[in-house]
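One structure coming up, written as structure tokens, with questions to follow.
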Amino acid sequence: MPELPKAYTPRDVEGAIYDRWLAADVFAPDGAGSTADPALPPFTIIQPPPNVTGSLHLGHAQRTAVEDLMVRHARMRGHRALFLPGLDHASIAAQFVLDGILAKEGESRQSLGRERYLERMAAFVDTTRGVILGQQRRVGASADWGRLRFTMDTLSARAVRVAFERLYRADLAYRTEALINWCPGCLTSVSDLEVVPTPETGTLWSVRYHLIDPATGAPDPEATITVATTRPETILGDTAVAVHPDDPRYAAVVGRLARIPFVDRDVPIIADEVVDRAFGTGAVKITPGHDHDDHATGLRHGLPALTILADDATVTGTGTPYDGLDRYEARTRIVADLEAHGDLAGASPHEMVIGRCQRSNDVIEPRLKTQWFIRTTPLAERALEATRSGRTRILPERFGKTWEHWLTTIRDWNVSRQLWWGHRIPAWYCPDGHVTVSSVEGGPSACDVCARPASELRQDPDIFDTWFSSGLWPFSTLGWPEESPDYATYYPTSVMETGYDIIFFWVARMMMLGIELTGTEPFHTVYLSGLIRDPEGQKMSKTKGNVVDPLGIIDESGADALRFALIHGATPGNDQRFGTTKLEHARNFANKLWNATRFVVGARPLTIPQDAERQLPDARHLGPAEHWLLSRASATVGAVDAAMTDYAFGEVTRQLYEAIWTEYCDWGLELAKVRLADDTLAPGIREATWWTLVEVLDTYLRLLHPVMPFVTEALWQTLPHRATDPGLLIVARWPARNDRDEVAEAQVEALIGLVGAIRNARTEARVEPATWLPVDVVVPAAMGPTFEALRPAIARLARARPLERRLTRQALASAAGPTDLAVLVGELEAYVRMPGTGGGPAGEASALERSRLERELAEAEGWLEAARERLANDAFVARAPAAVVAGARAREAELADQVTRLRERLGP
RNA sequence: GGGCGAUUGGCUCAGUUGGUUAGAGCGUGCGGUUCACAUCCGCAAGGUCACUGGUUCGAAUCCAGUAUCGCCCACCA
């Protein structure tokens with residue numbers, strides 16, 4: 001058994017332990033060190049693979065902590081527990097980061113070219129992946145590194161090709177020209193989810209368009225219609241003006257033509273209910289090529305959609321002097337020119353919401369492009385059916401509503417990206433425009449339609465949205481589309497854990513694609529964590545500079561403390577603030593556990609050999625404190641099991657903290673110390689006491705292991721084990737729940753209460769802490785043996801000497817002096833004999849005693865009155881459950897008794 | 001414009017299907033050098049559970065509404 005250093009230094013503990021786990025091959029469910037029971041169903045956790053682009057932050061650490069907690073728990077219960085680690089290539093995010101690095105070197109995506117750029121990316125990713133995997137390891141992830149996967153590895157690539165081909169053949173993927181969200185900074189389209197609505201103050205300009213005189217076909221200098229716009233540059237793409245059909249102001253002009261300035265295009269004035277009569281002038285310019293609303297309006301009215309912006313958001317193709325200007329420069333000039341022509345009717349500040357790129361923060365321009373889309377509606381229906389039927393459960397449940405809303409209003413998913421780092425879309429086009437989608441590596445041999453040879457086909461230059469490959473993660477990592485053994489064994493998976501912020505990006509896509517491609521829901525439970533915020537409640541972000549590096553925390557306080565701090569007091573789906581006090585709390589707890597174990601190990605009676613095999617305490621020698629400890633441990637096992645079942649991990653740590661610190665250390669160890677030190681006791685008794693401490697500590701270390709794996713493993717190594725135990729706690733069995741001993745629990749807790757009350761009385765009377773005070777106590781007959789067994793411990797803890805047991809209250813009262821303090825705890829009654837001198841004048845103590853008792857009496861009478869009122873209520877007695885009424889009666893009797901005794905003591 | 005969440009002692013948060021003395025950590029006050037731990041030990045103070053109304057024998061907990069803060073979704077130019 002290893003020696004336990006006096007001081008707890010997490011750094012020394014953690015690295016060595018992780019290496020031992022690795023060496024023992026216990027992370028893999030089928031590893032050499034696994035103790036899994038193949039008869040039990042497997043347990044698979046799905047972790048969001050972190051982006052390769054950088055280092056992990058506290059949010060990742062929290063994810064990992066929660067996931068690892070679940071997988072360790074499942075492993076200890078004997079399930080084949082799979083925690084498959086991975087990385088995401090994060091195409092747009094990675095390119096954004098790399099482009100930044102290149103810019104500093106004076107290079108760019110364009111200057112390198114596709115091939116060199118991708119080489120550079122591969123090198124970049126190689127360096128960052130090591131950092132990320134190292135961080136996961138430091139947090140303690142018991143992940144099966146042999147199964148490490150990457151969304152850009154060859155197996156993922158094949159899964160992506162096969163998935164897309166199947167979707168295409170099922171008419172769930174299609175290519176069309178549509179208005180998409182274009183980021184001029186990233187030079188790619190992005191999905192609706194990647195457009196961040198950002199409130200801004202813009203300007204609402206009113207512009208006069210001149211009506212065409214039907215007689216002359218020329219614009220009328222007098223007759224105009226005034227439209228309102230926040231984007232004057234899009235005037236160049238206008239193909240109509242719209243008004244509300246019921247707007248009397250414009251009824252006469254509907255059907256006439258208006259001339260668009262600068263481009264001299266005559267467009268119809270149409271009536272459409274989309275127009276809000278109350279907004280602006282009630283007349284709207286329609287630009288189908290650059291606005292989602294207008295596009296829809298254009299489709300309804302058969303309007304042409306003109307593209308007037310190039311990829312870099314410069315004006316193009318309008319045949320005006322604005323061509324070649326940046327969109328904002330063009331806007332400025334157009335406004336000035338309108339004003340010069342006298343056609344600017346007004347300008348006012350306007351609060352609006354503008355779409356910006358999630359990645360680059362550029363203003364998104366809607367524009368027409370031919371792209372690939374996933375037809376989401378049929379997929380969403382099946383995902384909804386899965387959650388509605390309960391086959392997949394979302395936790396916390398309230399996110400089900402968000403889920404429903406999003407999936408019922410979902411729009412088709414644009415999966416084309418004009419980027420380089422990612423999976424190339426496996427679609428080929430022949431010179432005649434035929435489309436061939438093929439999952440064959442290297443592409444099809446000929447056009448599907450006209451059989452032109454591969455040499456004449458051209459592959460789509462675009463790549464997939466990174467979330468497309470992420471959406472295949474639960475099954476692509478297990479070997480799909482092959483019927484591999486892992487896929488057969490571990491799919492569908494068990495729990496997917498992630499932050500609620502990517503429920504749409506990722507969870508919904510995994511559900512939709514998983515059900516379609518594998519025929520089953522990819523997981524039975526979706527566990528959504530809250531987000532980690534800084535101590536002020538701000539979201540952590542690099543720009544705010546409040547991002548915390550988990551490694552710094554781990555270096556200082558240990559991974560165990562970090563994990564505990566992240567899990568303790570947190571509830572699923574709720575954000576939590578993270579600061580140093582939580583971390584200190586957690587670190588102190590680890591330290592407490594360390595020292596408690598050190599005490600137990602060092603307190604081994606000499607009659608037990610150091611290398612003794614573990615044995616259960618001899619039942620014949622168990623005292624009440626031992627029964628109490630064992631029973632409480634059972635209770636804790638039950639409470640932890642219940643919390644685990646509910647995914648209430650904060651409750652798990654709360655239960656364990658309370659049980660270990662307050663029950664085991666504060667009382668269990670303190671009560672045991674007296675017995676262990678008493679050499680007048682038979683060796684068997686001391687041995688039983690020690691084996692009890694070991695047994696219960698062992699149980700708590702097991703229960704705590706999923707939360708604090710390192711320190712529990714290190715400490716467990718110092719305890720004697722059974723021959724049947726494996727060499728490592730990580731693969732040891734989760735504790736079973738034993739029977740409770742209600743009587744021992746109640747009696748020992750009553751005596752604990754007595755100690756507390758005596759301490760309280762001492763402190764109130766300002767007795768010197770070192771002073772031993774005589775105490776007389778009346779103990780109900782049923783509690784006699786328990787009291788006798790614990791008498792030395794109580795005496796020590798309450799600093800009561802002698803601690804006399806009086807058989808009757810009369811005997812006690814007759815011995816009472818005027819300066820004594822009475823202590824009533826439930827059925828127990830004690831008198832603390834105050835010193836006549838030394839602690840202050842006798843009269844003072846007496847006054848103190850009176851005021852104490854009067855206060856207690858008033859309080860007790862208050863409760864008694866409340867209890868009586870409740871019982872006097874016939875409705876309560878008649879309608880409340882019998883157990884509640886009985887409890888109330890018992891409480892009433894107890895209070896009545898207490899009031900009587902307090903009155904007696906107070907006298908007249 | 002919809003939807004969701006939060007509101008509990010000075011601070012950060014628990015409170016699992018409503019059950020009667022609402023808990024914890026930090027902080028605060030007082031006191032502790034006994035050989036597991038000062039990253040500790042003991043004692044204590046501190047809350048009309050945001051507000052209003054309702055349901056119920058009984059509400060921090062369920063319902064309705066109000067207020068403040070936060071988040072998500074949404075095509076008012």
Side-chain angles (χ1 to χ4, degrees), chain A residues 4 6-8 197 204 227-231 234 242 274-276 278-281 283-287 291-297 350 352-353 366 396 398-399 401-402 404-406 409 500-501 503-504 531 535 537 539 557 561 568-571 573-582 584-603 642-643 645-646 648 650-651 654 657-658 662 665-666 669-670 673 677 756 759-764 766 768-770 796-797 859 862-863 866-867 870 873-881 883-885 887-888 891:
Chain A
L4 211 47
K6 187 163 160 44
Y8 166 56
L204 185 67
V227 298
T229 180
T230 56
R231 295 192 299 160
T234 62
V274 76
V275 179
D276 178 354
F279 186 89
T281 59
V284 191
K285 59 191 274 314
I286 301 296
T287 321
D291 184 280
H292 289 287
D293 283 349
D294 294 1
H295 188 71
T297 308
H350 181 59
M352 51 197 256
V353 173
R398 63 186 144 90
F399 282 100
K401 251 188 174 172
T402 316
E404 285 273 338
H405 180 253
W406 192 75
T409 58
Y500 63 75
D501 53 338
I503 182 168
F504 307 134
L531 273 30
K539 211 167 171 174
S557 305
H568 189 63
T571 41
N574 284 347
D575 295 354
Q576 59 166 320
R577 300 181 187 202
F578 190 88
T580 51
T581 52
K582 271 186 188 169
E584 280 169 17
H585 181 221
R587 186 204 50 189
N588 293 352
F589 181 50
N591 184 64
K592 186 73 178 179
L593 195 65
W594 181 273
N595 281 297
T597 307
R598 218 158 54 80
F599 169 76
V600 170
V601 170
T645 305
D646 290 347
E651 179 67 8
R654 201 187 64 75
Y657 182 89
E658 170 81 11
T662 308
C665 293
D666 287 351
L669 295 185
E670 295 305 323
K673 276 179 186 174
R759 283 171 171 173
N760 178 340
R762 294 176 57 105
T763 304
E764 278 199 11
R766 297 180 192 282
E768 287 289 322
R796 170 182 152 134
L797 295 175
E859 207 175 318
W863 293 121
R870 200 176 325 132
N873 184 343
D874 292 340
F876 172 70
V877 178
R879 312 192 63 164
V884 173
V885 177
R891 171 111 185 103

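Proteins come first, then strands; the chains are lettered A, B, ... in the order of their sequence lines, and each starts at number 1. Note that the coordinates shown come from a computational prediction; the quantities given were computed from them, not determined experimentally.
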message = Pairs counted only when both distances fall under 3.5 Å, Watson-Crick or G-U: show me the 5' to 3' dot-bracket for RNA chain B, [ ] for pseudoknotted crossings and | for other-strand partners.
response = (((((((..((((.....[...)))).(((((.......))))).....(((((..]....))))))))))))....

query = Checking all strands, does A/K401 fall into the base, sugar-phosphate, or nothing category for heavy-atom contacts under 4.0 angstrom?
reply =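 Answer is sugar-phosphate: A/K401 comes under 4.0 Å of backbone atoms only.
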
message = Let me spell it out: for each of A/K6 and A/T230, pick the nucleotide of RNA chain B with the closest heavy atom. Which residue's pick is nearer the 5' end?
response =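 Looking at the nearest nucleotide for each, A/K6 comes out on the 5' side.
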
ask   = Phosphate oxygens OP1/OP2 of B/rA77: is one of them under 4.0 Å from a side-chain N or O of A/K285?
value =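 It does not, given that no N or O in the side chain of A/K285 lies less than 4.0 Å from OP1 or OP2 of B/rA77.
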
ask   = For the residue pair A/F589 and A/Y657, does the interplanar ring angle fall in the parallel (under 30°), tilted (30 to 60°) or perpendicular (over 60°) class?
value =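 A/F589 vs A/Y657 ring planes: tilted.
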
ask   = Between A/N595 and B/rU39, does any side-chain N or O lie under 4.0 Å from OP1 or OP2?
value =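 The answer is no; no side-chain N or O of A/N595 sits under 4.0 Å from OP1 or OP2.
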
query = Across the strands shown, which category fits A/E670 at heavy-atom distances under 4.0 angstrom: base, sugar-phosphate, nothing?
reply =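 If one applies the 4.0 Å heavy-atom cut-off, A/E670 turns out to touch a base.
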
Rounded distance in Å between the C1' positions of B/rC26 and B/rC40 =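 The answer is 16 Å between these two C1' atoms.
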
task = Please work out if A/H292 contacts a base, only the sugar-phosphate, or nothing of the nucleic acid, heavy-atom cut-off 4.0 Å.
result =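 Answer is nothing: A/H292 stays at 4.0 Å or more from every strand.
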
inquiry  = If we count only N and O atoms by modelled type, under 3.5 Å, do the side chains of A/N873 and A/R870 hold a donor and an acceptor together?
reply    =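 No.
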
request  = Quick one, give me the B/S/- string for nucleotides 7-27 of chain B, reading 5' to 3', where B means a protein heavy atom under 4.0 Å from the base and S means that only happens at the primed atoms, P, OP1 or OP2.
outcome  = -----SSSSB--BBB---SS-

request  = Mind checking A/D666 for me? I need base, sugar-phosphate or nothing, with any heavy atom below 4.0 Å counting as a touch.
outcome  =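 A/D666: backbone/sugar contact only, no base atoms under 4.0 Å.
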
Protein-to-nucleotide contact annotation, 5' to 3' order, nucleotides 60-69 of chain B [B base; S sugar-phosphate only; - none; under 4.0 Å, heavy atom] = ----------

query = Which part of the nucleic acid, if any, lies within contact of A/N873, taking any heavy atom under 4.0 Å across all strands shown: a base, the sugar-phosphate backbone alone, or nothing?
reply =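 Sugar-phosphate: the residue A/N873, judged by heavy atoms under 4.0 Å, touches backbone atoms but no base.
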
request  = Tell me which of A/K673 and A/T281 sits closer to the 5' end of RNA chain B, going by the nucleotide each one is nearest to.
outcome  =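 With A/K673 and A/T281 compared, the 5'-side residue is A/K673.
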
